[in-house]
Amino acid sequence: MKLSAAVLCALVAVQAAVLLATVPTAQASELEVGYYSKKCKGVENVVKWHVIKAIKANRRTGAALVRLIFHDCFVRGCDGSVLLDASYDNPHPEKEAPVNIGLAAFDVLEEIKAAVEKRCPGVVSCSDILIYAARDAASILSNGHVHFAVPAGRLDGFVSKAEEAQAELPDSTHDVQQLIDNFARKNFTVEELVILTGAHSIGQGHCSSFTGRLSEPPSQINPAYRDLLNYKCPQGSNPPVANNVRDEDYGVVARYMPGFTSRVRKIPDFLDNSFYHNNLAKIVTFHSDWTLLTNKEAFGHVVEYAENATLWDEDFSDSLLKLSKLPMPAGSTGEIRNKCSVVNPRLY
């Protein structure tokens, strides 16, 4: 039996529609606590188990996960765009932006995603997994003092551009007004800027991110700490350096800041209000940290959180929750990725 050209075209169209249905796109719905309670029961426990395992193996992983929630959500909303590798459609993804130097823990998120896919294929987004993992890491590093219920239902985005990350994320060289303006564009207040910057009690930064600090005057940086940073950053190298001096090598601290040795910890990365004490003492790594002291309102909040650790724990939890709700750009569509580093195959 011969088929007419019209019938053949119709069959081809139907086949194409069926293939496209295997890679569905959608617009994000309203976020909801307990979103996966019926769709993928126990998913939060799966995520937490893997985060605990990763932090036990390398405590620095916890700080990396906390950093990722900020670097993802501040660019195109919380859509997992920071997780994407270079591809034909995204030749220079967010990972490649200079402001994103040192981002890590991508392997942990892929491990979690693989475990979740075995349990509930095609149900849980990478963007939701990232938020769960960052929340759990913050809770573990703070000994349970930072915690919040995660509303979920996010979709994974298709777009990841280094130039957008560089334009949207605050830079470590920014002055206080630049920081205030940057956070205001995401509807965050000066107080919330100060609260979220408190995460610099953990983690590491590369020397290239604080080159200017190596020659700033004593009014901006403790000279002994400046000497320590110069030692850690020999000319021509760009190693990671602890954000918090208490996480530095004991011998190095004893050499440059002997009065600080009693505060050095054998186990690094405790998420607490120590950033504010360090800032008031001018022993913080980034110019953007110190510059908070130059604005009256921001300075008041630095003092406030230095004096009240419990208040910071609570407000940091609330600010992370607010951060986790930043939406994708209006009109954007998304998907549930099969793997966090690549967009699902699509027909064009």
Side-chain angles (χ1 to χ4, degrees), residues 63 66-67 70 138 141-143 145-146 170-180 182-183 188-205 209-232 241-248 250 252-254 256-265 268-320:
V66 174
R67 188 184 180 204
F70 184 85
L141 297 186
S142 67
N143 292 328
H145 294 146
V146 172
D171 192 272
S172 60
T173 63
H174 279 174
D175 287 325
V176 69
Q177 192 57 53
Q178 291 173 293
L179 294 173
I180 291 171
N182 179 280
F183 274 68
F188 282 85
T189 65
V190 174
E191 181 179 20
E192 289 164 333
L193 158 64
V194 176
I195 292 166
L196 288 170
T197 308
H200 288 171
S201 65
I202 58 175
Q204 298 174 307
S209 298
F210 54 86
T211 303
R213 293 286 278 165
L214 304 181
S215 57
E216 285 183 343
S219 59
Q220 299 180 22
I221 186 170
N222 180 300
Y225 184 57
R226 183 184 59 201
D227 291 344
L228 184 152
L229 293 180
N230 273 286
Y231 170 78
K232 298 288 290 188
V241 177
N243 289 338
N244 198 324
V245 66
R246 73 178 180 194
D247 294 337
E248 270 294 351
Y250 183 91
V252 174
V253 176
Y256 290 97
M257 304 177 67
F260 200 90
T261 52
S262 62
R263 294 163 64 183
V264 174
R265 290 193 164 194
D269 286 343
F270 281 89
L271 183 60
D272 59 17
N273 71 329
S274 59
F275 165 80
Y276 304 102
H277 295 279
N278 290 350
N279 205 354
L280 292 171
K282 298 184 177 65
I283 50 175
V284 287
T285 308
F286 305 118
H287 177 82
S288 57
D289 292 338
W290 167 80
T291 194
L292 296 178
L293 304 183
T294 66
N295 174 274
K296 183 177 180 180
E297 182 181 355
F299 175 79
H301 291 304
V302 171
V303 173
E304 176 184 27
Y305 291 117
E307 295 176 346
N308 195 331
T310 300
L311 179 64
W312 182 77
D313 292 335
E314 295 170 351
D315 288 354
F316 185 69
S317 300
D318 290 342
S319 295
L320 276 188

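Since we're looking at a predicted model, the values are computed, not measured. Heavy-atom basis, side chains included; hydrogens, waters and symmetry copies ignored.
Between Glu248 and Val241 there is a side-chain heavy-atom pair separated by less than 4.5 Å. Side-chain atoms of His145 and Ser317, non-hydrogen and from C-beta on, never get closer than 4.5 Å to each other. Residues Leu141 and Asp272 fail the side-chain proximity criterion, which asks for heavy atoms closer than 4.5 Å. A heavy-atom distance below 4.5 Å is found between the side chains of Asp315 and Glu191. Between His200 and Val284 there is no side-chain heavy-atom pair separated by less than 4.5 Å. Here the side chains of Pro170 and Phe70 are in contact, with some heavy-atom distance below 4.5 Å.
With rounding to the nearest 0.5 angstrom, the CG atom of Asp318 is 9.0 Å from the CD atom of Glu192. Rounding to the nearest 0.5 Å gives a distance of 8.5 Å between CG of Leu193 and CG of Asn182. Rounding to the nearest 0.5 Å gives a distance of 10.0 Å between CZ of Arg67 and CD of Gln204. The distance from atom CG of Leu271 to atom CG of Asn143, rounded to the nearest 0.5 Å, is 9.5 Å. Note: Asn273 CG to Ser142 OG = 12.0 Å, rounded to the nearest 0.5 Å. With rounding to the nearest 0.5 Å, the separation of CZ in Phe286 from OG1 in Thr197 is 10.5 Å.
In terms of the side-chain hydrogen bond (donor to acceptor under 3.5 Å, both in side chains) criterion, residue partners of His287 (sequence neighbours excluded) are, by chain and number, Asp175, Glu216. With sequence neighbours excluded, the residues forming a side-chain hydrogen bond (donor to acceptor under 3.5 Å, both in side chains) with Tyr225 are Thr285, listed by chain and number. Judged as a side-chain hydrogen bond (donor to acceptor under 3.5 Å, both in side chains), and not counting sequence neighbours, the contacts of Asn244 are Ser274, Asn278.
Within 6.0 Å of the CZ atom in Phe270, the count of heavy atoms belonging to other residues, nucleotides or ligands exceeds 12.
At distances below 3.5 Å, not a single donor-acceptor pair connects side-chain atoms of Ser209 with backbone N or O atoms of Ser172. Checking side-chain atoms of Asp247 against main-chain N and O of Asp269 turns up a donor-acceptor pair under 3.5 Å.
Summarising the geometry of Ala281 relative to Asn222, their closest heavy-atom pair is O-CB, 4.0 Å, with the distance given to 0.1 Å. Counting all heavy atoms, side chain and backbone alike, Phe299 lies closest to Leu280 at CE1-CD2, 3.8 Å. Shortest non-hydrogen contact noted between Leu293 and Asn279 is CD1-O, 3.3 Å. Nearest approach of Ser288 to Asp171, heavy atoms of both residues: CB-O, 3.7 Å. Between Ser319 and Ile195, the shortest heavy-atom contact is OG-CG2, 3.5 Å. Pairing each heavy atom of Ser201 with each of Arg246, the nearest pair is O-NH2, 4.3 Å.
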Decide side-chain contact (heavy atoms from CB on, under 4.5 Å) for Val264 and Val245; before the verdict, give the C-alpha distance in whole Å, the side-chain angles of both, and the deciding distance to 0.1 Å. CA-CA 7 Å; Val264 174; Val245 66; over 6 Å; no
Check the pair Phe183, Thr189 against side-chain contact (heavy atoms from CB on, under 4.5 Å), reporting the backbone distance first and the verdict last. CA-CA 7 Å; Phe183 274 68; Thr189 65; over 6 Å; no
How far apart are the C-alpha atoms of Asn295 and Leu179, what are their side-chain angles, what is the distance that settles it, and do they pass the side-chain contact (heavy atoms from CB on, under 4.5 Å) test? CA-CA 11 Å; Asn295 174 274; Leu179 294 173; over 6 Å; no
Could you go through the side-chain contact (heavy atoms from CB on, under 4.5 Å) check for Val194 and Tyr276 one step at a time? CA-CA 9 Å; Val194 176; Tyr276 304 102; 3.6 Å; yes
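Between Asp289 and Arg213 there is no salt bridge, since no side-chain N of the basic residue sits under 4.0 Å from a carboxylate O of the acidic one.
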